There are 2 protein chains.
Amino acid sequence: MKNVNIRELARELNLSPSTVSKALRDSYEISAATKERIRALAEKLNYIPNAYAGSLRGRKSKNIAVVLPEVADSFFSIAINGIEAAVKPKGYHVIIYLTHESYAGEAAILKDFQSGRVDGVLLSVSRETTTAAHVQELLEKEVPVVFFDRVLEAVPVPKIVTDDFESAYRATTHLIEQGCRRIAYLGLSESLSICNRRREGCEQALEDHSLPCLRRNMLTCSTDATQNFRMVKKLLQHPERPDGIIASVEKLTATVYQACQQLALHMPEDIRLVCFSNLEIATILQPSLSTVTQPAFDMGKAAAETLVKWLEKRTLTAKDVRIVIPSELMVRGSSGK
Amino acid sequence: MKNVNIRELARELNLSPSTVSKALRDSYEISAATKERIRALAEKLNYIPNAYAGSLRGRKSKNIAVVLPEVADSFFSIAINGIEAAVKPKGYHVIIYLTHESYAGEAAILKDFQSGRVDGVLLSVSRETTTAAHVQELLEKEVPVVFFDRVLEAVPVPKIVTDDFESAYRATTHLIEQGCRRIAYLGLSESLSICNRRREGCEQALEDHSLPCLRRNMLTCSTDATQNFRMVKKLLQHPERPDGIIASVEKLTATVYQACQQLALHMPEDIRLVCFSNLEIATILQPSLSTVTQPAFDMGKAAAETLVKWLEKRTLTAKDVRIVIPSELMVRGSSGK
DNA sequence: TTGAAAGCGCTAACAA
DNA sequence: TTGTTAGCGCTTTCAA
């Protein structure tokens with residue numbers, strides 16, 4: 001069964017394609033009666049406009065791309081919901097692209113957008129991404145890009161972030177107040193904006209409390225779970241092992257719990273842990289996991305709203321350039337008493 | 001900066017657009033020398049073909065849609081990786097659409113595909129979906145659809161599933177062998193294929209062991225977490241409360257653990273639990289969670305491969321009609337000793 | 001109020 | 001081996 005197109009509708013009604021087109025877009029040029037006839041037939045024949053023709057013609061696709069490192073992560077999976085919530089009422093389609101934390105993947109995806117495949121892009125960069133050329137190139141083609149969470153500071157586009165420095169500072173201070181003196185930080189990447197800010201927040205808190213910040217306690221994890229486990233275990237077997245951990249990476253939660261179990265270290269007596277995470281099951285872990293809970297939904301929503309504003313040519317005001325939505329420190333069993 | 005198109009390349013080289021087009025698609029008609037000149041210029045000018053023009057012309061988009069209930073679920077987030085793995089080497093793009101467990105949402109998305117927006121669809125239906133008209137309509141437009149995991153049996157298209165009946169049967173039998181006599185089943189929906197098969201597997205196991213299958217122990221959860229919590233709690237407060245639970249829904253893991261905690265029921269002594277789940281943190285829960293682990297990656301991969309085969313007109317053999325990949329019962333602390 | 005015609009960028013018959 | 005031409009489905013001047 002072939003698809004009905006505008007020409008067929010026109011033929012059926014003894015009208016011209018242009019009249020039909022106008023009627024369907026509710027143009028003032030067309031009489032109410034004609035509009036009604038046309039709409040009725042379109043409905044009856046189940047006419048569905050060809051998206052490609054429209055996009056080719058009008059250079060608007062009503063698609064926005066969401067480019068993410070991965071989706072098996074509570075932050076991103078929730079952020080997607082926020083994005084959809086913001087964008088659906090405006091009639092945009094959300095298309096999710098996964099980089100799998102690879103810079104090459106990310107660059108290839110953005111490259112593809114240069115031909116106008118999408119109207120705009122929401123981007124959270126991969127852990128490997130250090131340069132911005134691929135984003136710049138896209139911007140030169142006048143495809144709007146809005147960063148969220150993992151941003152590239154060098155690129156002059158709107159950024160929606162959380163208060164990574166402050167929340168890491170708060171989490172670290174909390175650990176110190178609980179009596180921790182040797183605090184370790186586990187990051188995801190040396191280059192990622194969020195990881196560096198969190199590390200800095202952690203370091204600042206240590207400094208403000210005149211505590212040492214040891215090189216060996218500031219670690220960056222790999223993509224390999226086994227290796228991460230070894231790394232964490234080694235960290236905890238050191239004669240002067242840390243008594244507090246700030247984990248910047250949700251995935252490390254399981255690793256730390258397991259390592260503690262194997263080494264018979266008890267949380268929170270022997271060691272305290274706070275993890276950046278939006279995992280729902282944080283509460284049912286034993287002990288329950290203290291988290292820095294990021295405003296995932298709201299960040300996605302804000303990012304999408306900013307992009308839409310841009311797409312609709314409503315000039316972005318200075319305050320859109322950087323939106324910071326605070327995270328919340330949820331003290332639970334792994335760091336509380 | 002405008003985008004370069006084929007005409008500009010042609011003008012620059014004093015060639016015709018069609019020559020350029022052919023060269024770029026490596027046609028045998030074009031001399032090696034010309035091909036090289038064209039390719040070099042395309043590279044230099046960073047030529048990127050307009051996807052819409054190609055799709056409009058050739059009625060192929062090289063996009064495949066993945067329509068999912070949600071993405072904040074370990075099964076789906078892993079399945080996506082399997083799909084991408086299968087499809088990337090074939091040059092297809094994966095576009096993820098979310099129904100949020102809503103039939104209306106699902107129908108709207110599929111409707112949109114009728115105009116050829118995507119070449120094919122991988123579908124796992126929403127919990128609300130009971131009818132197949134929306135899928136049928138799409139098939140009539142000759143858009144291939146392949147089901148995975150949550151299938152609609154009535155639609156004659158390939159289905160990639162796991163052995164829901166058998167694995168529920170195995171899990172239930174396991175609970176019985178551990179001494180459970182009053183086993184409850186928690187489902188996601190009354191209509192969902194997978195839920196019904198799992199329930200049936202559970203019931204069959206009970207019957208085969210001459211155990212009663214009580215109405216009040218076969219529950220269906222809602223979308224509201226608070227309500228689910230109440231439901232589970234009520235279940236566990238019954239004078240003849242169950243001593244074993246098969247949970248068909250990953251999200252209920254936290255609910256059950258919390259309810260047990262509140263009611264001071266200990267797993268596995270007081271009650272045993274097996275959950276259909278691919279959550280990585282199953283191992284670090286206290287007690288660690290026994291799971292029916294679904295072959296999420298392989299199911300996604302198989303579904304995508306089947307779809308690609310169909311798209312490439314390689315006739316689907318009878319064995320492609322239904323692929324069953326077995327799940328694995330992982331006995332851990334919540335049901336073991 | 002309606003229609004004719006051109007063109008978005010690309011490809012494939014067909015001609016040269 | 002290369003070029004000419006038509007057309008995918010739609011919108012939008014401009015003319016009737």
Side-chain angles (χ1 to χ4, degrees), chain A residues 1-39 41-42 45-63 112-119 141-142, chain B residues 1-39 41-42 45-63 112-119 141-142:
Chain A
M1 176 181 163
K2 270 312 305 113
N3 241 316
V4 252
N5 57 27
I6 278 201
R7 251 209 324 279
E8 282 176 54
L9 292 184
R11 181 148 27 84
E12 198 92 10
L13 292 168
N14 266 359
L15 288 169
S16 78
S18 57
T19 305
V20 175
S21 171
K22 285 171 187 162
L24 291 173
R25 327 198 85 230
D26 204 21
S27 160
Y28 66 95
E29 300 179 82
I30 308 298
S31 74
T34 312
K35 271 185 195 168
E36 210 21 76
R37 282 209 303 148
I38 291 174
R39 271 204 276 260
L41 186 71
L45 262 43
N46 190 25
Y47 166 72
I48 294 167
N50 181 308
Y52 294 119
S55 302
L56 177 57
R57 175 82 235 263
R59 32 210 358 80
K60 295 255 150 305
S61 65
K62 278 282 182 177
N63 287 148
D112 196 53
F113 296 159
Q114 288 190 32
S115 68
R117 187 184 275 276
V118 296
D119 294 349
K141 304 279 178 158
E142 285 169 7
Chain B
M1 176 181 164
K2 270 311 304 114
N3 241 316
V4 258
N5 59 26
I6 278 201
R7 252 210 322 281
E8 281 176 55
L9 292 184
R11 181 149 26 83
E12 197 93 9
L13 292 169
N14 266 0
L15 289 168
S16 79
S18 61
T19 305
V20 175
S21 170
K22 285 171 187 160
L24 292 172
R25 326 196 86 230
D26 204 21
S27 160
Y28 66 95
E29 301 179 79
I30 307 299
S31 74
T34 312
K35 271 185 195 168
E36 209 22 74
R37 282 208 305 148
I38 293 174
R39 270 204 276 261
L41 186 72
L45 263 42
N46 191 24
Y47 165 73
I48 294 166
N50 180 308
Y52 295 119
S55 301
L56 177 57
R57 176 82 238 266
R59 31 212 356 83
K60 294 256 153 302
S61 65
K62 278 281 180 179
N63 287 149
D112 197 53
F113 296 159
Q114 289 191 32
S115 68
R117 188 184 276 275
V118 295
D119 294 348
K141 303 280 177 155
E142 285 169 8

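Source: prediction; values computed, not measured. Reckoned from all heavy atoms, side chains included, excluding hydrogens, waters and symmetry mates. Labels below follow one simple rule: chain letters A, B, ... track the order of the sequence lines, proteins then strands, and each chain is numbered from 1.
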Table of protein N/O atoms under 3.5 Å from nucleotides 10-13 of chain C N/O atoms:
| residue | atom | partner | partner atom | Å |
| --- | --- | --- | --- | --- |
| dC10(C) | OP1 | Tyr47(B) | OH | 2.6 |
| dC10(C) | OP1 | Asn50(B) | N | 3.4 |
| dC10(C) | OP2 | Ile6(B) | N | 2.6 |
| dT11(C) | OP1 | Arg25(B) | NE | 3.1 |
| dT11(C) | OP2 | Ser21(B) | OG | 2.8 |
| dT11(C) | O4' | Arg57(B) | NH1 | 3.2 |
| dT11(C) | N1 | Arg57(B) | NH1 | 3.4 |
| dT11(C) | O2 | Arg57(B) | NH1 | 2.0 |
| dA13(C) | N6 | Lys22(B) | NZ | 3.4 |

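The CG atom of Leu24(A) sits 9 Å away from the P atom of dC10(D) (whole-angstrom rounding). A straight line from CG of Leu9(A) to P of dT2(C) spans 16 Å, rounded to a whole angstrom. Straight-line distance from the CD atom of Glu8(B) to the P atom of dC8(C): 11 Å, rounded to whole Å. Atoms NZ (Lys141(A)) and P (dG9(C)) sit 12 Å apart, rounded to a whole Å. At whole-Å resolution of the value, CD1 in Ile38(B) and C1' in dG3(D) are 12 Å apart. The distance from atom NZ of Lys62(A) to atom C1' of dC10(D) is 17 Å, rounded to the nearest whole Å. For the pair Arg11(A) CZ and dA4(C) P, the interatomic distance rounds to 14 Å; values are reported in whole Å. The NZ atom of Lys60(A) sits 16 Å away from the C1' atom of dT12(D) (whole-angstrom rounding).
Taking 4.0 angstrom as the limit, Thr34(B) places none of its side-chain polar atoms (N or O) nearer than this to OP1 or OP2 of dT1(D).
Listed here is the closest heavy atom pair of Leu24(B) and Arg39(B): CD2-CG, 4.5 Å. Annotation for Tyr47(B) and Leu9(B): closest pair CG-CD1, 3.8 Å, computed over non-hydrogen atoms. The minimum heavy-atom distance linking Pro49(A) with Ser115(B) is given by the pair O-CB, 3.1 Å. Taking each heavy atom of Ala53(B) and Asn50(B) in turn, the nearest pair found is N-OD1, 2.9 Å. Taking every heavy atom of both residues into account, Ser61(A) and Ser55(A) meet most closely at CA-OG, 3.4 Å.
Nearest to the side chain of Leu56(A), among dT2(C), dT1(D), dG9(D), sits dG9(D).
The NZ atom of Lys35(B) sits 4.0 Å away from atom CG of Asp26(B), with the distance rounded to the nearest 0.5 Å.
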